[in-house]
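Working notes, structure below.
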Amino acid sequence: VLHTTRPLHTTQQSLAPVPPLPEKGGEVRHGLIPEEFFQFLYPKTGVTGPYMLGTGLLLYLLSKEIYVVNHETVAAASILTVIVYAVKKFGPDVAAFADKLNEEKIATALAMKNEAIQSLETAIKEEKKEQWRLEGRNYLFDAKRNNIAMLLEANYRERLMMVYNEVKKRLDYQVAMQTLKRQKETDHMIQWVEKNVVQSITPQQQKESIAKCILDLKALSKSAHAAV
Amino acid sequence: GLLWERPLMEVRLGELHAWISTCSFSPQGLLGAVQKAWSSYCAKYIHVRQGGPAGISMLLAGYCLLSYGWNYQHFKRHRWRKYH
């Protein structure tokens, strides 16, 4: 639950960035006694003061046998010799190895940080490009408007064509009907006239016309005979 | 700064009594003091870029002295001389 009344981020963040480690530790003389002790005694006793103190303490402990010399002393002496020799001989190599490990860790962390920064920068550039692209939206809308206008025009013309075709079809039908009617009327009239004429030829007229035709034919045959 | 906010190293000998009277001797106080001492020792000698043998050797030497002190009664029996 986040208490919205609590102020957020009012003080400086104490966790990050972590301050870097100090380069060297506190100064220590002979590997055992911190330098502060020598500095503490320097004003009163000078440079040899702590050493005199050490010698005096050692002699006191030995003479009063507060420190007892036994087999453990020999063991401690030999162990100390070996340890000091090992440190003096292999110290720098081990230190270099440890430093190399540290360097590798730092290098990987740095690489990750740089990679993250790079990816974020490319993201920012992409975003800016998208924003620039957005400015061209007017052209896009104009093109779309043109498209739609063209579609509407085409549709309108199509419908116009359809209307024209339909009207023409109907008018043609009417014209065809009229021509057909007139044709039928003429045919019927011709037929009726012919029928009436044929009917009006009586049998008497037929005989007279046949006889006249025969006479004409004879006259023609005579003239033809003569011509040949 | 103020007396009870200074670390022990910066307290002068004459003010030692006053300084001791300001620190708390409850379990939490003692634990806090031990933790502070340990963390300051670590920060000074162990968590550094180039530490030497000093960091661990001081701890080992302190352990040697402590163990000698705890077993002193046993060592007293192996003295070489009777009278000092």
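Naming: A, B, ... by sequence-line order, numbering from 1 per chain. These numbers were taken from a predicted model, which means no experiment stands behind them.
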Side chain from CB out, backbone as N, CA, C, O: work out which of these in [X] comes under 4.5 Å of a heavy atom of chain B, or both, or neither.
{"X": "A/Val94", "value": "neither"}
{"X": "A/Ile83", "value": "neither"}
{"X": "A/Val68", "value": "both"}

Contacts of residues 148-179 of chain A with chain B (heavy atom under 4.5 Å):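 Against chain B, none of the residues of residues 148-179 of chain A fall inside the cut-off of heavy atoms under 4.5 Å.
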If you count heavy-atom pairs under 4.5 Å with chain B, which of A/Gly26, A/Ala76, A/Gly31, A/Ala98 comes out on top?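 The answer is A/Gly26.
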For a quick test of your reading: what N or O donor-acceptor pairs under 3.5 Å do the side chains of residues 122-131 of chain A make, sequence neighbours left out?
| unit_1 | atom_1 | unit_2 | atom_2 | d |
| --- | --- | --- | --- | --- |
| A/Thr122 | OG1 | A/Gln118 | O | 3.0 |
| A/Thr122 | OG1 | A/Ser119 | O | 2.6 |
| A/Glu130 | OE2 | A/Arg133 | NH1 | 2.8 |

Which residues satisfy the side-chain contact (heavy atoms from CB on, under 4.5 Å) test with A/Asn146, sequence neighbours excluded?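 Residues passing side-chain contact (heavy atoms from CB on, under 4.5 Å) with A/Asn146: none at all.
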Value rounded to 0.5 Å, distance of CG in A/Leu21 from CD1 in B/Ile46: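 A/Leu21 CG to B/Ile46 CD1: 12.5 Å, rounded to 0.5 Å.
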At a cut-off of 3.5 Å, what donor and acceptor atoms pair up between chain A and chain B?
| unit_1 | atom_1 | unit_2 | atom_2 | d |
| --- | --- | --- | --- | --- |
| A/Pro22 | O | B/Arg49 | N | 2.9 |
| A/Glu23 | O | B/Gln50 | N | 2.9 |
| A/Glu23 | OE2 | B/Arg49 | NH1 | 2.8 |
| A/Gly26 | N | B/Lys44 | O | 3.1 |
| A/Gly31 | O | B/Ser57 | OG | 2.5 |
| A/Glu36 | OE2 | B/Lys44 | NZ | 2.5 |
| A/Glu65 | O | B/Arg79 | NE | 3.2 |
| A/Glu65 | O | B/Arg79 | NH2 | 3.3 |
| A/Glu65 | OE1 | B/Trp80 | N | 3.0 |
| A/Glu65 | OE1 | B/Arg81 | N | 3.1 |
| A/Glu65 | OE1 | B/His84 | NE2 | 2.9 |
| A/Glu65 | OE2 | B/Trp80 | N | 3.2 |
| A/Ile66 | O | B/Tyr68 | OH | 2.9 |
| A/Val68 | N | B/Tyr68 | OH | 2.9 |
| A/Val69 | O | B/Trp80 | NE1 | 2.7 |

Any chance CD1 of B/Ile56 has more than 12 other-residue heavy atoms, nucleotides or ligands included, within less than 6.0 Å? no
